[in-house]
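For reference, the structure discussed in these notes is given below.
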Amino acid sequence: MGRSGATGLEVAERPAPVLPARFYDRPAELVARELLGAILVSDVGGVRTAGRIVEAEAYPGPHDPASHAAARIGRTARNAPMHGPPGIAYVYRIYGLHWCLNAVTGTDGRPAAVLLRALEPVAGLAEMARRRGRQRDLANGPARLARALGVTGDLDGHSLLRGPLSIRRGDASDEEIASGPRIGVTRARDWPLRFWLAGNAYVSR
């Protein structure tokens with residue numbers, strides 16, 4: 001049970017309202033902070049798995065040299081979903097092996113997104129463990145998160161306002177939000193665009 005008060009049963013049977021499109025139609029930095037505490041719900045494969053978002057990274061636009069849609073790169077087939085509309089998923093593969101899930105943000109046509117880095121599991125833990133092949137550290141990292149929830153490239157461009165993958169309202173109002181440099185980037189390494197719930201055991205290491 002997370003500090004949001006939502007039990008696994010409540011998430012499975014009575015999920016909170018979906019975050020609306022207007023939630024994402026804002027700067028990536030703001031969306032990343034306010035996604036903390038929200039519930040990511042997956043019904044991929046007909047099995048509900050869900051987790052509370054405890055860590056996220058912002059990639060705010062073409063001026064960000066670490067973004068997949070940085071000005072020097074432009075629009076490509078890979079980063080096309082980052083150009084909008086806001087509230088869709090941008091799913092990409094790293095190292096040719098692992099999928100990562102982002103929420104597209106900001107003005108339609110201007111590429112920006114928030115990488116979902118870690119979840120506190122709240123529902124479907126047995127299925128998450130089966131997908132991950134382990135009982136611990138189910139979703140504390142972007143690749144682990146995607147695998148635990150069954151996210152693959154098939155969901156690239158999918159609306160996060162409906163199943164099988166959606167983000168629901170949550171609450172982190174009573175927890176301290178920390179920020180610092182992003183992880184795993186070589187450009188703009190010192191930009192403080194990673195946000196997490198301070199002291200939460202499920203934040204990536």
Side-chain angles (χ1 to χ4, degrees), residues 1-12 14-20 22-42 49-61 64 66-67 86-87 89-90 100-106 112-125 128 132 135-149 151 160 165-185 187-205:
M1 178 174 176
R3 294 186 192 181
S4 62
T7 65
L9 181 62
E10 289 170 338
V11 170
R14 296 185 298 277
V18 172
L19 292 172
R22 65 178 179 276
F23 174 87
Y24 302 96
D25 191 9
R26 300 179 298 158
E29 304 95 311
L30 181 58
V31 174
R33 290 182 64 95
E34 294 190 8
L35 277 174
L36 299 180
I39 306 296
L40 176 60
V41 178
S42 168
T49 53
R52 186 167 175 256
I53 299 170
V54 298
E55 183 181 3
E57 274 180 356
Y59 290 84
D64 178 0
S67 172
Y90 168 45
C100 294
L101 172 64
N102 299 254
V104 174
T105 66
V114 173
L115 173 65
L116 304 184
R117 284 198 54 88
L119 297 179
E120 177 180 342
V122 296
L125 275 66
M128 289 188 192
R132 290 274 290 114
Q135 299 295 322
R136 300 180 59 186
D137 298 331
L138 297 179
N140 60 340
R144 294 173 178 181
L145 180 160
R147 185 167 183 180
L149 269 67
V151 175
L160 295 172
L165 191 67
S166 61
I167 301 180
R168 312 286 181 131
R169 293 188 185 279
D171 183 16
S173 60
D174 61 340
E175 296 172 78
E176 180 185 355
I177 295 177
S179 64
R182 294 172 295 190
I183 296 174
V185 298
R187 293 180 170 89
R189 295 179 64 177
D190 58 340
W191 292 15
L193 295 177
R194 181 169 68 96
F195 304 92
W196 67 94
L197 295 180
N200 188 285
Y202 297 90
V203 171
S204 66
R205 294 174 177 82

Kindly write out the residues that satisfy side chain to side chain contact (heavy atoms under 4.5 Å, CB included) with [X], not counting sequence neighbours, or none if the list is empty.
| X | result |
| --- | --- |
| Asn102 | Tyr90, Tyr92, Ala113, Leu115 |
| Ala16 | Arg168, Arg169 |
| Ile183 | Glu55, Glu57, Arg117, Arg194, Ser204 |
| Ala146 | Trp99, Val151 |

Considering all heavy atoms of both residues, which atom of [X] and which atom of [Y] are nearest to each other, and what is their separation?
| X | Y | answer |
| --- | --- | --- |
| Ala143 | Cys100 | N-SG, 4.3 Å |
| Ala89 | Val104 | C-CG2, 4.4 Å |
| Thr49 | Gly124 | CG2-O, 3.5 Å |
| Ser67 | Tyr59 | CA-CD2, 4.0 Å |
| Ala103 | Tyr24 | CB-CE2, 3.9 Å |
| Pro192 | Ser179 | O-CB, 4.2 Å |

With Leu40, which of Leu35, Val122, Ile167 fulfils side chain to side chain contact (heavy atoms under 4.5 Å, CB included)?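 One option only clears the test, and that one is Ile167.
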Would you call [X] and [Y] a side-chain contact if the rule is heavy atoms closer than 4.5 Å?
| X | Y | value |
| --- | --- | --- |
| Ile177 | Leu197 | yes |
| Leu149 | Leu101 | no |
| Phe23 | Leu160 | no |
| Leu165 | Ser42 | yes |

Go through it in stages, so that I can follow the logic: the residues are Leu119 and Ile53, the test is side-chain contact (heavy atoms from CB on, under 4.5 Å), and I'd like the CA-CA distance, side-chain angles, deciding distance and then a yes or no. CA-CA 5 Å; Leu119 297 179; Ile53 299 170; 3.6 Å; yes
Could you tell me the separation between the [atom1] atom of [X] and the [atom2] atom of [Y], rounded to the nearest 0.5 Å?
| X | Y | atom1 | atom2 | answer |
| --- | --- | --- | --- | --- |
| Asn200 | Glu176 | CG | CD | 12.0 Å |
| Met128 | Leu145 | CE | CG | 8.0 Å |
| Leu36 | Trp196 | CG | CH2 | 10.5 Å |

Taken in chain and number order and not counting sequence neighbours, the residues that satisfy salt bridge (Lys or Arg N to Asp or Glu O under 4.0 Å) with Arg182 are Asp64
Side chain to side chain donor-acceptor pair (under 3.5 Å) contacts in which one or both residues fall within residues 25-34, not counting sequence neighbours: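 Listed once each, the pairs are Arg26-Glu34.
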